[in-house]
Student: 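Here's a structure for you.
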Amino acid sequence: MRTDNAAYIERDLAHVWHPCTQMKDHEQVPLIPIRRGQGVWLEDFDGKRYLDANSSWWVNLFGHANARINAAVSAQLEQLEQVILAGCTHEPVIRLSEALTGVAPAGLTRCFYADNGSSAVEVAVKMSFHYWRNVGRSAKRRFITLSNSYHGETLGALAVGNVALYKSIYQPLLMDVITVPSPDCYEREPGQTWAQHSRAQFEHMQAALDRHSEQTAAVIVEPLVQCAGGMRMYDPVYLQLLRAACDRHQVHLIADEIAVGFGRTGTLFACEQAGIRPDLLCLSKGLTAGYLPLSAVLTTEALYAAFYDEYTKLTAFLHSHSFTGNPLACAAALACLDIFRTDAVLERNRMLSAHLGARARALAAHPHVAEVRQHGMIVAAELVRNKASREPYPWQERRGLAIYRHALSRGVLLRPVGDVVYFMPPYVITPEEIDLMVEVAREGIELATCD
Ligand SMILES: *Cc1c(COP(=O)(O)O)cnc(C)c1O
């Protein structure tokens with residue numbers, strides 16, 4: 001049997017329906033069958049290597065085939081692969097809960113598990129709603145969300161998100177939410193700082209809370225970076241104002257750190273930069289360093305207590321997923337946290353992100369790059385047709401796709417979000433590999449905008 005790329009592509013396209021993909025695109029754009037990964041590199045079946053510049057969809061932290069995580073998962077595999085987490089428990093989930101509550105913002109003492117990011121958002125939304133019922137305030141059942149936000153693809157998560165491309169088709173199936181303009185600093189006036197713009201945008205949130213707090217269970221945000229919304233960024237001051245306003249109005253704050261958690265923005269959790277503690281913290285993606293599907297929702301003693309009663313009061317949170325708290329995934333997560341603890345990851349990332357930022361900022365000189373922005377290990381360059389007016393390219397032209405294809409030919413897996421080229425590499429990348437990644441992006445931008 002043939003084992004080259006072409007053979008795998010043919011077999012794949014006969015049966016596999018890929019996520020987030022117009023399958024017809026694969027008549028033009030080749031699928032890349034990956035044989036193995038090592039560190040930041042992926043290798044296909046023809047032996048070509050690709051630098052994993054988007055961390056395998058923002059999940060990988062410490063490279064592929066990381067020796068420490070491999071060893072931890074293997075060791076767990078010899079002990080216990082899976083067990084029901086209702087009525088039973090196991091050492092990895094106990095240790096992980098101790099570890100997470102130890103590193104999360106103080107006061108988040110309770111961990112509920114699911115197996116992907118969207119499910120964590122569903123859990124947080126249901127928990128908040130249910131909390132208010134349990135304390136006798138059942139009118140509080142609505143959610144406030146930011147424009148351009150993204151919280152996942154299941155119906156509840158899609159409802160509290162706001163990226164039209166993913167949401168609008170399914171609108172008839174979704175609960176109604178209150179949407180407030182984002183603090184996104186791409187939209188700031190010339191001369192305005194990020195902090196000034198984010199603070200000014202908070203007026204919209206303030207108005208929504210003043211008007212709707214009696215009916216509102218929670219506000220949900222992606223702290224500091226709206227990733228799927230095109231790596232749009234804002235200042236931590238917004239989170240400080242939001243925390244204070246949620247307290248005043250008795251509304252929960254849900255922080256979706258599924259993408260930005262685990263060091264992406266420079267601190268272990270993005271909320272730390274604002275010095276705040278959300279009522280519900282959603283984690284996934286980097287939680288297992290990108291090894292296995294797992295998510296967690298961390299919450300407070302106060303929230304937990306509102307569910308704790310005699311069974312017959314029917315206040316329990318009767319939510320579950322089959323693979324809730326899977327031991328192998330918990331073992332990977334423990335190994336991940338152990339690397340953070342022993343390897344001065346955040347310090348090294350400061351060096352890497354300074355290097356990445358310096359290199360990427362040079363892209364801003366390009367006549368079709370409107371802005372280069374950064375929060376820690378996330379750097380994005382926004383392509384536009386007209387730099388002065390910031391008029392975007394028509395989306396149908398798919399300029400980002402041209403960059404993707406160029407980068408592939410040069411051995412870099414960049415996957416722009418629309419016309420936003422971004423870098424979100426594993427933390428084990430070297431400065432030389434950063435240089436390659438940015439140079440290939442520069443060439444791609446050149447090619448994609450040359451007409
Ligand atoms: C990826 C993501 C999700 C959804 O996680 P899945 O595991 O893909 O369901 C939710 N919120 C944010 C901020 C994300 O980036």
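As the structure is a computational prediction, the values presented were derived from the model and not from experiment. Both counts, for ligands and for their atoms, begin at 1 and track the order of listing. Note: hydrogens, waters and symmetry copies are ignored here, and every other heavy atom, side chains too, is used.
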Student: Do we see a donor-acceptor contact under 3.5 Å between the side chains of Q201 and S198?
Tutor: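 Side chains of Q201 and S198: no pair found under 3.5 Å.
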
Student: Is there any N or O on S118 that sits under 3.5 Å from an N or O of ligand 1?
Tutor: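 Yes - when backbone and side-chain N and O of S118 are compared with those of ligand 1, one distance drops under 3.5 Å.
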
Student: Is the shortest distance from a Lys or Arg side-chain nitrogen in R341 or D343 to a carboxylate oxygen in the other one below 4.0 Å?
Tutor: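 Not counted as a salt bridge, because no side-chain N and carboxylate O are separated by less than 4.0 Å.
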
Student: Within ligand 1, which atoms have a heavy atom of G152 less than 4.0 Å away?
Tutor: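 Reading through ligand 1 atom by atom, the close ones are 4 (C), 10 (C).
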
Student: One thing to verify: whether R232 and E187 come together as a salt bridge, which I'm taking to mean a side-chain N less than 4.0 angstrom from a carboxylate O.
Tutor: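 A salt bridge links E187 with R232.
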
Student: Check ligand 1 against E222 and write out every atom of the ligand that is under 4.0 Å from a heavy-atom position of the residue.
Tutor: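 That gives atoms 13 (C) of ligand 1.
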
Student: With distance as the sole criterion, is a donor-acceptor pair present between the side chains of Q226 and S149 under 3.5 Å?
Tutor: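 No, no side-chain donor-acceptor pair sits under 3.5 Å.
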
Student: Is E397 close to D419 at the side-chain level, that is, under 4.5 Å between some pair of heavy atoms?
Tutor: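 No, every pair of side-chain atoms sits at 4.5 Å or beyond.
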
Student: Please identify which atoms of ligand 1 are closer than 4.0 Å to at least one heavy atom of G117.
Tutor: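 Near G117, meaning under 4.0 Å from one of its heavy atoms, ligand 1 has 4 (C), 5 (O), 6 (P), 7 (O), 9 (O).
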
Student: Which of the atoms of ligand 1 are close to A259, meaning less than 4.0 Å from one of its heavy atoms?
Tutor: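 Answer, ordered by atom number: 15 (O).
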
Student: Hey, is I258 touching ligand 1 through its side chain, its backbone, both or neither, going by heavy atoms under 4.0 Å?
Tutor: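 The part of I258 near ligand 1 is the side chain, not the backbone.
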
Student: Can you tell which of K285, E257, E153, H151 gets a heavy atom nearest to atom 2 (C) of ligand 1?
Tutor: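 The nearest heavy atom belongs to K285.
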
Student: Establish, from distance only, whether the side-chain atoms of N162 and H151 form a donor-acceptor pair under 3.5 Å.
Tutor: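 Looking only at side-chain atoms, H151 and N162 do not form any donor-acceptor pair under 3.5 Å.
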
Student: Out of all atoms in ligand 1, which are within 4.0 Å of some heavy atom of D256? Include the element for each.
Tutor: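 Those atoms are 10 (C), 11 (N), 12 (C), 13 (C).
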
Student: Do any non-hydrogen protein atoms sit less than 4.0 Å from atom 7 (O) of ligand 1?
Tutor: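 It does; a protein heavy atom is within 4.0 Å.
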
Student: Decide, yes or no, whether a salt bridge links K24 with E27 under the criterion of side-chain N to carboxylate O below 4.0 Å.
Tutor: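 Yes.
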
Student: Give the atoms of ligand 1, by number and element, whose distance to some non-hydrogen atom of W58 is under 4.0 Å.
Tutor: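 Near W58, meaning under 4.0 Å from one of its heavy atoms, ligand 1 has 15 (O).
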
